[in-house]
Amino acid sequence: MQIFIDTADIEEIRDAAAMGVIDGVTTNPSLVAKTGRPFQEVLVDICEVVDGPISAEVVATDYEGMVKEARVLAKMHENIVVKIPLIPEGLKAVRTLTDEGIRTNVTLCFSPTQGLLAAKAGATYISPFIGRIDDIAGNGMELVEQLVTIYQNYGLTTQVLAASIRHPVHAVQASLIGADVATIPHKVILQLLKHPLTDIGLERFLADAKKIPAG
Ligand code: G3P
């Protein structure tokens, strides 16, 4: 499973990239707004740090507007993948952009039927929002499973990008199901790494190392 980092914070991206664990980055308007910086400036910085797919979302909701924004974003860097919302105008934009060779990440997916149509339209990635489904007492992981199965059944090449991941169990389940990618916040990436026995073990080794006589 590929791991993308779900943030627009350049320091978080630098930290995860230095560990060598991330294959790409996803952003959305809420994450960019949190940085307090202009969108394009943030994207330029991210493209300098990570050599992998970097999702940047359009804010238009009409076909012409989305295609126009997408073309500008795609021209900024070859790694930019354009995030398009899962609405009828969005699918029209995805079809046009796919035909132009521009990669898309179709976002805000909450049902298998939406995911099937996004794949038919030519989406490069589909983003099921696991945490937000769990938030309303649904089963977000079930959607990931359904999308993986549907795409496998028909040889659809759209990659399942598990999004809105909130904790390590989401990441484990997504990888067991066979999601192509999980996009994970920086905090959760660190949680994936953390183990108390590693910390206790290291503490003991370091304490014992001090008892070794100098040669
Ligand atoms: O990748 C989508 C993600 O940013 C949404 O996460 O936690 O706001 O539902 P969340």
Side-chain angles (χ1 to χ4, degrees), residues 1-17 21-37 39 42-43 45-47 49-50 52-59 61 66 69-70 73 79-87 90 94 103-112 114-115 118-119 123-148 158-175 177-192:
M1 183 173 74
Q2 291 209 317
I3 295 181
F4 292 177
I5 187 166
D6 194 27
T7 184
D9 182 320
I10 197 66
E11 292 313 320
E12 291 184 347
I13 294 168
R14 280 203 182 102
D15 183 58
V21 298
I22 55 167
D23 303 291
V25 181
T26 54
T27 66
N28 62 39
S30 308
L31 293 171
V32 175
K34 268 196 217 167
T35 68
R37 301 174 59 209
F39 184 31
V42 169
L43 279 182
D45 281 359
I46 296 175
C47 290
V49 175
V50 177
I54 292 158
S55 288
E57 190 159 341
V58 298
V59 290
T61 53
M66 280 188 263
E69 275 183 52
L73 290 169
N79 284 340
I80 299 276
V81 174
V82 183
K83 247 175 148 177
I84 305 277
L86 221 167
I87 56 177
V94 169
R103 290 180 296 166
T104 57
N105 173 356
V106 177
T107 188
L108 293 165
C109 177
F110 294 97
S111 79
Q114 287 182 314
T124 313
Y125 299 97
I126 185 74
S127 287
F129 272 33
I130 301 167
R132 293 194 194 182
I133 296 175
D134 291 357
D135 285 345
I136 56 162
N139 184 345
M141 210 50 69
E142 188 180 24
L143 174 57
V144 175
E145 201 160 15
Q146 289 168 328
L147 292 169
V148 167
T158 300
Q159 295 186 50
V160 178
L161 193 169
S164 184
I165 283 191
R166 303 276 176 75
H167 50 70
V169 175
H170 277 155
V172 173
Q173 288 175 330
S175 62
I177 288 168
D180 299 284
V181 189
T183 189
I184 309 179
H186 181 260
K187 179 185 140 214
V188 180
I189 291 176
L190 295 182
Q191 286 177 313
L192 297 183

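Given the structure is predicted, the values throughout are model-derived calculations rather than measurements. Counting starts at 1 for both ligands and their atoms, following the listed order.
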Do His186 and Asp9 meet the criterion of a side-chain donor-acceptor pair at a distance under 3.5 Å?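 No.
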
Nearest-neighbour protein heavy atom for [atom], which is reported as residue plus atom name and distance:
atom	value
atom 2 (C) of ligand 1	Phe129 CZ, 3.4 Å
atom 7 (O) of ligand 1	Arg166 NE, 2.9 Å
atom 5 (C) of ligand 1	Arg132 NH2, 3.6 Å
atom 1 (O) of ligand 1	Asp6 OD2, 3.0 Å

Can you tell which part of Asn28 has a heavy atom less than 4.0 Å from ligand 1: side chain, backbone, both or neither? side chain

Atom indices of ligand 1, in the order listed, that fall short of 4.0 Å to a heavy atom of Ala163: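 Under 4.0 Å from Ala163, ligand 1 has these atoms: 1 (O), 2 (C).
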
Thr183 neighbourhood, listing ligand 1 atoms whose heavy-atom distance to it stays under 4.0 Å: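 That gives atoms 1 (O) of ligand 1.
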
Can an N or O of Ser164 be found at a distance shorter than 3.5 Å from an N or O of ligand 1? yes

Between Lys83 and ligand 1, does any nitrogen or oxygen pair lie at a separation below 3.5 Å? no

Close side-chain approach of Met66 and Thr104, heavy atoms under 4.5 Å: no

Between Thr158 and Ala123, is there a donor-acceptor pair closer than 3.5 Å when you use the side chain of the first and the backbone of the second?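 Yes, the answer is positive, given that a donor and an acceptor are paired below the 3.5 Å cut-off.
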
Considering residues at least two apart in sequence or located in another chain, which fulfil the side-chain contact (heavy atoms from CB on, under 4.5 Å) criterion with Val21?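 For Val21, the residues satisfying side-chain contact (heavy atoms from CB on, under 4.5 Å) (neighbours in sequence not counted) are Met19, Ile189.
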
In this structure, which one of Asn105, Asn79, Thr183 forms a side-chain hydrogen bond (donor to acceptor under 3.5 Å, both in side chains) with Ser55?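 Among the candidates, only Asn105 passes.
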
What one should report as the nearest heavy-atom pair of Gly178 and Val148 is O-CG2, 4.0 Å

Restricting to non-hydrogen atoms, name the atom on Arg132 and the atom on Ser164 that form the minimum distance, rounded to 0.1 Å.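 Closest heavy-atom pair between Arg132 and Ser164: N-OG, 3.2 Å.
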
